[in-house]
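Report on the structure given below.
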Amino acid sequence: MPKGFSVDVSKAVGHVYPAEPVTCTRRDYILYALSVGVPESDLQWLYELDIDFGPLPTYPICLLIKGEDWDVNSFMERWSIGGPLPGMPDFDFNKIVHGEQSFEAIAPFPVDGGRFKTIKKCIGVYDKGSGMVIDTVVDIFGEEDNVHYCRLGTKMFVRGYGGWNGPKGPKPITYNPPTGREPDVIDVFHTQQNQALLFRLSGDYNPLHADVNLAPTVGFHKPILHGLCSYGKCGHAIIKHFGNNDRLRFKSIEARFAQPVFPGETVEVLMWKVPSNDPKLDAIIFQARVKERNVLVVTNGYATLFKEDTNDAKL
């Protein structure tokens with residue numbers, strides 16, 4: 001940690017950033033589905049004339065940094081949109097890694113895309129000793145109808161910026177696979193060497209996922225795959241195997257990013273259906289691992305789907 005680094009938590013926590021406009025189209029939905037490994041047999045996510053066409057439930061997460069521009073963008077500028085976080089000193093941007101991500105569907109996302117606004121709020125800054133966690137939530141509303149479509153929770157870990165005697169944060173909920181039970185389903189994602197180059201076209205243009213010269217400077221032998229790419233594949237696998245590909249049944253998903261994936265590796269999504277505390281919901285615990293290295297890359301995964309026979313599935 002740099003000498004003298006300290007966060008004024010009282011200023012940072014509770015800060016609400018200015019509303020930010022974002023846009024998307026059916027083309028964005030299709031590109032995202034392709035980039036997270038949806039096969040050609042699942043045309044409802046890939047072909048706009050399919051009777052069941054619509055966005056994969058996790059698509060709105062792309063809007064966090066996509067903005068309303070149709071061109072490529074500067075990742076640094078997009079990340080900094082809305083201005084600095086009050087009470088937060090400057091830190092090395094290259095030390096940021098995506099720690100955890102959650103998503104909750106509140107209303108069905110429009111099939112045709114549209115214009116939306118995102119409202120971002122800092123809900124916590126935590127001192128983890130080896131680094132710092134910045135915890136935010138983003139709500140997405142329709143620009144004209146003001147419908148609240150979804151809520152996204154993001155925890156970013158800043159390596160090397162702990163030890164300033166800040167709050168440690170709440171104890172996390174742990175979702176472990178059932179002891180002694182094999183996964184109910186394993187879905188396989190054979191990533192391609194250009195997988196990160198494809199996924200970045202959905203809006204995350206962080207050079208770490210493309211620049212072969214930058215990657216070694218932050219500890220990787222080559223550019224890594226976006227964590228949200230593996231996350232999106234997990235979401236697709238869950239709705240396919242447990243929700244009959246009915247996007248309206250998808251309620252929520254959360255997970256932790258444990259290790260990076262390198263393009264070209266095989267990602268296996270392991271899923272267990274478990275009892276839910278809500279009688280209207282099915283619950284799935286999941287993990288993702290890289291087959292070649294036998295390492296878990298997505299952990300503490302938990303998703304919920306509306307049961308097939310509940311009216312709440314239409315939100």
Side-chain angles (χ1 to χ4, degrees), residues 17-75 77-79 81-82 101-120 137-154 195 197-206 226 228-229 231-236 238-240 243 245-253 305-306 313-315:
Y17 293 82
E20 172 72 12
V22 295
T23 58
C24 61
T25 67
R26 293 175 297 171
R27 184 178 183 275
D28 293 310
Y29 298 160
I30 295 169
L31 183 58
Y32 172 76
L34 284 171
S35 72
V36 300
V38 172
E40 64 277 7
S41 56
D42 288 3
L43 278 180
Q44 72 178 85
W45 312 115
L46 302 171
Y47 181 45
E48 69 283 359
L49 297 184
D50 189 279
I51 191 171
D52 294 317
F53 177 76
L56 277 171
T58 54
Y59 171 78
I61 298 174
C62 292
L63 298 177
L64 285 171
I65 53 177
K66 178 184 178 295
E68 59 178 344
D69 199 341
W70 304 115
D71 200 356
V72 296
N73 59 49
S74 165
F75 179 74
E77 289 180 4
R78 289 300 311 161
W79 178 261
I81 203 76
Q101 183 66 51
S102 66
F103 169 85
E104 179 187 6
I106 297 173
F109 212 68
V111 171
D112 294 325
R115 295 184 60 86
F116 308 90
K117 58 183 178 182
T118 62
I119 299 178
K120 178 180 176 181
V137 294
V138 174
D139 291 291
I140 299 182
F141 298 86
E143 186 178 68
E144 294 185 359
D145 58 21
N146 208 40
V147 171
H148 189 187
Y149 286 106
C150 53
R151 170 166 286 187
L152 294 67
T154 303
Q195 202 74 48
L197 298 175
L198 178 61
F199 184 83
R200 69 194 300 266
L201 298 179
S202 288
D204 186 345
Y205 294 100
N206 188 338
H226 306 68
L228 286 179
C229 181
Y231 188 94
K233 179 57 183 177
C234 291
H236 167 251
I238 289 164
I239 196 65
K240 178 176 182 176
N245 268 337
D246 182 354
R247 69 187 186 93
L248 299 182
R249 289 182 57 192
F250 199 97
K251 178 58 178 173
S252 68
I253 184 171
L305 307 175
F306 287 108
K314 307 307 178 185
L315 297 176

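Position 1 is the first residue of the sequence, and the numbers go up from there.
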Spatial distance of atom [atom1] ([X]) from atom [atom2] ([Y]) [nearest 0.5 Å]:
| X | Y | atom1 | atom2 | value |
| --- | --- | --- | --- | --- |
| L198 | H226 | CG | NE2 | 10.0 Å |
| Y149 | L63 | OH | CG | 12.0 Å |
| N245 | K240 | CG | NZ | 7.0 Å |
| S35 | L56 | OG | CG | 9.0 Å |
| L152 | I253 | CG | CD1 | 11.5 Å |
| L46 | L31 | CG | CG | 10.5 Å |

Kindly give the heavy-atom pair with the smallest separation between [X] and [Y], and that separation in Å.
| X | Y | result |
| --- | --- | --- |
| F306 | L248 | CD1-O, 3.9 Å |
| R200 | L197 | CG-O, 3.2 Å |
| T23 | K66 | O-NZ, 2.8 Å |
| G54 | W45 | O-CE3, 3.3 Å |
| P57 | F103 | O-CZ, 3.2 Å |
| G37 | Q195 | N-NE2, 4.5 Å |

Between L305 and I238, is there a side-chain heavy-atom distance shorter than 4.5 Å?
yes
For Y231, all residues meeting ring-ring contact (aromatic ring centres under 6.0 Å, His included), sequence neighbours excluded
F257
What pairs with Y47 under ring-ring contact (aromatic ring centres under 6.0 Å, His included), at least two apart in sequence or on another chain?
none
Contacts of D139 that satisfy side chain to side chain contact (heavy atoms under 4.5 Å, CB included) - sequence neighbours left out:
F141, H148, R151
With I30, which residues qualify under side chain to side chain contact (heavy atoms under 4.5 Å, CB included), at least two apart?
L34, E48, F53
Give a yes or no on whether the ring-centroid distance for F116 and F109 is below 6.0 angstrom.
yes
Keeping to residues at least two apart or across chains, list the side chain to side chain donor-acceptor pair (under 3.5 Å) pairs with something in residues 52-61.
Y32-T58
Determine which pairs satisfy salt bridge (charged side-chain N to carboxylate O under 4.0 Å, His left out) with at least one residue from residues 101-115, sequence neighbours left out, and list them in order.
E68-R115, E104-K251, R115-E143
Is there a side chain to side chain contact (heavy atoms under 4.5 Å, CB included) between Y17 and V138? Walk through the geometry before answering.
CA-CA 10 Å; Y17 293 82; V138 174; over 6 Å; no
Counting distance only, does the side-chain N/O of D28 pair as donor-acceptor with the main-chain N or O of T25 below 3.5 Å?
yes
Which of D204, N206, V22 passes side chain to side chain contact (heavy atoms under 4.5 Å, CB included) with I65? It is D204
